[in-house]
Amino acid sequence: MSQNIIPYGKQNITETDIQAVVETLQSDYLTQGPKIKEFEEDFADYVGSKYAVAVANGTAALHLNCLALGVKPGDKVITTPITFAASANCVRYCGGEVIFADIDSETYLLDINKARELLEASPKGTYKGIIPVDFAGRSVDLEAFRTLADEYSLWIIEDSCHSPGGHFIDSTGKKQNCGNGNFADLAIFSFHPVKHIAAGEGGMITTSDKSLYEKLLKLRTHGISKDESSYENSIDFAGGHNTYPAWYMEMQELGYNYRLTDFQAALGLSQLKRADDGLARRREIAEKYFEAFKGKSFIKGQSGVVEGHAYHLYVIEVEDRLGLYNYLRANKIFAQIHYIPTHLMPYYRQFGWKEGDMPKAETYYKHCISLPMFPTLSDEDQDIVLNKIIEYYK
Ligand SMILES: *Cc1c(COP(=O)(O)O)cnc(C)c1O
């Protein structure tokens with residue numbers, strides 16, 4: 001029993017990562033320097049989007065998206081209850097109303113048919129947008145969501161926090177990377193240590209829409225513009241002759257300070273270079289779980305082996321979840337539960353959400369457990385996890 005704690009997720013910081021951060025600390029820029037731009041460009045390349053905007057964290061990314069899309073008090077937005085609360089909270093930051101739609105029991109993703117039912121039940125224009133989540137790393141079929149969104153003039157924010165490197169196959173047989181901007185207006189990623197790419201804190205917005213991109217750049221830094229062609233005040237007022245003086249800038253709308261630092265970007269950039277290796281290892285781990293659980297009577301469901309899945313989490317559904325969770329914990333295996341349905345959080349209950357509203361999400365929550373899943377999980381440790389689970393149900 002000398003085994004170390006096996007967590008459900010864990011960052012991997014290498015000597016190269018540390019060097020990258022040290023070099024940035026010794027450079028002229030601690031924030032908004034060259035590493036930010038480099039990280040943005042490499043990340044956009046990685047997912048296949050035209051633009052990327054680095055921000056302070058994934059939640060800030062969601063908030064800026066809602067601001068850029070113009071979410072106003074009373075605007076109704078659809079999302080899934082099986083996600084981190086931030087996917088819904090961003091709508092509330094702008095005073096919008098969160099309308100939950102149930103999940104599909106097999107994919108654990110927002111059920112497009114449930115979203116369609118909501119849309120059909122109200123006059124067009126009632127809903128403004130939809131926030132599907134690539135939960136656990138499994139990509140939503142964004143092509144289908146785009147078709148639905150166009151029918152009802154909705155915008156789409158893809159919450160891709162779990163799925164950097166993930167993809168789905170579209171109707172023409174083409175790979176569509178999560179966050180590539182081909183279907184969603186905007187997508188977001190997080191660089192929290194449990195996510196694929198760790199930067200301490202950090203987030204990224206990807207898009208292929210130039211005007212949204214420009215809005216986001218401005219909103220990220222107080223709503224300030226340094227682009228002369230956008231200036232609203234006159235050169236005279238600014239204090240120049242014929243041209244605006246070099247010091248001049250304008251705060252044109254109410255933005256925030258949601259910037260990422262250059263040393264975090266250096267860490268993210270260094271981690272991004274290894275992202276494909278990490279993803280391949282995650283898929284290997286998933287395969288092994290899948291094979292070990294196939295046909296086992298205690299398994300009610302599992303994430304399984306799915307094309308394009310990025311395996312942020314490996315989720316299984318079991319009988320006696322509490323018993324298993326406690327047994328694993330007693331054996332130093334810290335599995336986790338993703339997620340307590342957001343609509344049943346006390347904050348959301350005040351808007352009238354209650355048990356029974358999302359039957360599939362609620363049933364899923366009774367049985368789900370996320371097993372250790374991170375690239376540096378050793379074969380030996382995964383064997384310990386597997387053996388303990390099988391032992392528990394004997
Ligand atoms: C982590 C996460 C977020 C929030 O990201 P932070 O960087 O922690 O703010 C949002 N949505 C999902 C699905 C996440 O997993």
Side-chain angles (χ1 to χ4, degrees), residues 24 27-45 47 49-73 75 77 86 90-91 93-96 128-129 155-158 179 181 184-191 199 201-266 268-269:
T24 304
S27 76
D28 289 339
Y29 294 94
L30 290 189
T31 191
Q32 300 312 101
K35 289 293 161 191
I36 294 286
K37 196 95 196 93
E38 217 183 305
F39 189 26
E40 289 173 341
E41 285 172 5
D42 283 16
F43 198 88
D45 265 3
V47 303
S49 67
K50 281 204 183 120
Y51 310 103
V53 179
V55 294
N57 54 64
T59 305
L62 284 163
H63 186 193
L64 286 185
N65 282 358
C66 287
L67 290 167
L69 291 163
V71 176
K72 295 183 306 300
D75 284 359
V77 176
C90 58
V91 176
Y93 296 157
C94 298
K128 302 294 181 209
W155 47 254
I156 300 176
I157 299 172
E158 178 187 9
D185 298 272
L186 296 159
I188 70 120
F189 296 86
S190 161
F191 307 124
E201 298 279 356
M204 193 71 82
I205 303 165
T206 59
T207 183
S208 290
D209 182 316
K210 187 153 189 256
S211 83
L212 285 174
Y213 170 66
E214 283 167 356
K215 266 190 202 165
L216 290 165
L217 289 180
K218 205 153 81 166
L219 288 167
R220 170 176 72 179
T221 183
H222 308 285
I224 288 173
S225 170
K226 287 179 183 164
D227 170 12
E228 257 192 57
S229 69
S230 79
Y231 288 164
E232 294 168 30
N233 284 329
S234 67
I235 292 173
D236 261 7
F237 166 81
H241 295 290
N242 303 321
T243 59
Y244 288 92
W247 70 72
Y248 192 69
M249 51 85 180
E250 282 186 358
M251 193 208 108
Q252 297 171 332
E253 58 191 309
L254 192 60
Y256 293 77
N257 176 357
Y258 279 164
R259 296 185 300 257
L260 189 70
T261 66
D262 240 42
F263 50 96
Q264 286 171 302
L269 195 54

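Values below: all heavy atoms of this structure, side chains included; hydrogens, waters and symmetry mates excluded.
For Glu38, the salt bridge (charged side-chain N to carboxylate O under 4.0 Å, His left out) test picks out Lys35, with sequence neighbours left out. Tyr213 meets the ring-ring contact (aromatic ring centres under 6.0 Å, His included) test with Tyr51; sequence neighbours excluded. With sequence neighbours excluded, the residues that form a salt bridge (charged side-chain N to carboxylate O under 4.0 Å, His left out) with Lys72 are Asp75. Looking at residues two or more places apart in sequence or on another chain, you find a ring-ring contact (aromatic ring centres under 6.0 Å, His included) between Phe191 and Phe39, Phe43. For Asp45, the side-chain hydrogen bond (donor to acceptor under 3.5 Å, both in side chains) criterion is met by no residue, not counting sequence neighbours. Residues passing the side-chain hydrogen bond (donor to acceptor under 3.5 Å, both in side chains) test with Ser234: none are found, sequence neighbours excluded. Looking at residues two or more places apart in sequence or on another chain, you find a salt bridge (charged side-chain N to carboxylate O under 4.0 Å, His left out) between Glu214 and Lys210.
Between the OH atom in Tyr231 and the NZ atom in Lys226 there is a gap of 8.5 Å [rounded to 0.5 Å]. Annotation: the span from Ser225 atom OG to Glu232 atom CD amounts to 8.5 Å, rounded to 0.5 Å. If you take CG on Leu69 and CG on Leu186, they are separated by 5.0 Å, rounding to the nearest 0.5 Å. Taking CD1 of Ile188 as the reference point, atom OG1 of Thr207 lies at 13.0 Å (rounded to 0.5 Å). With rounding to the nearest 0.5 Å, the separation of CD in Glu201 from OG in Ser190 is 7.5 Å.
Counting all heavy atoms, side chain and backbone alike, Cys90 lies closest to Leu62 at CB-CB, 3.5 Å. Smallest separation of non-hydrogen atoms from Leu212 and Ala68: CD2-O, 3.8 Å. Minimum heavy-atom separation, Glu158 to Gly179: OE1-N, 3.0 Å. In plain terms, the two heavy atoms of Ile36 and Leu260 that are nearest each other are CD1-O, 3.3 Å.
Listed by first then second residue, pairs satisfying side chain to side chain donor-acceptor pair (under 3.5 Å) with a partner in residues 252-263 read His63-Tyr258, Lys218-Gln252, Thr221-Arg259, Ser230-Gln252, Glu250-Gln252, Thr261-Gln264, not counting sequence neighbours.
Although no hydrogens or angles enter the test, the distance criterion places no donor-acceptor pair under 3.5 Å between the side chain of Thr206 and the main chain of Ser49.
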Exercise. Does the side chain to side chain contact (heavy atoms under 4.5 Å, CB included) test come out yes or no for Leu67 and Leu216, once each step is laid out?
Worked result: CA-CA 9 Å; Leu67 290 167; Leu216 290 165; over 6 Å; no
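Counting non-hydrogen atoms of neighbouring residues, nucleotides and ligands closer than 6.0 angstrom, the OH atom of Tyr29 reaches no more than 12 such neighbours.
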Which donor-acceptor pairs under 3.5 Å do side chains of residues 53-60 form with protein atoms, sequence neighbours excluded?
from, atom 1, to, atom 2, distance (Å)
Asn57, OD1, Thr59, N, 3.0
Asn57, OD1, Ala60, N, 2.7

Just distance, no hydrogens or angles: give the donor-acceptor pairs under 3.5 Å from side chains in residues 235-246, sequence neighbours left out.
from, atom 1, to, atom 2, distance (Å)
Tyr244, OH, Asn233, O, 2.6

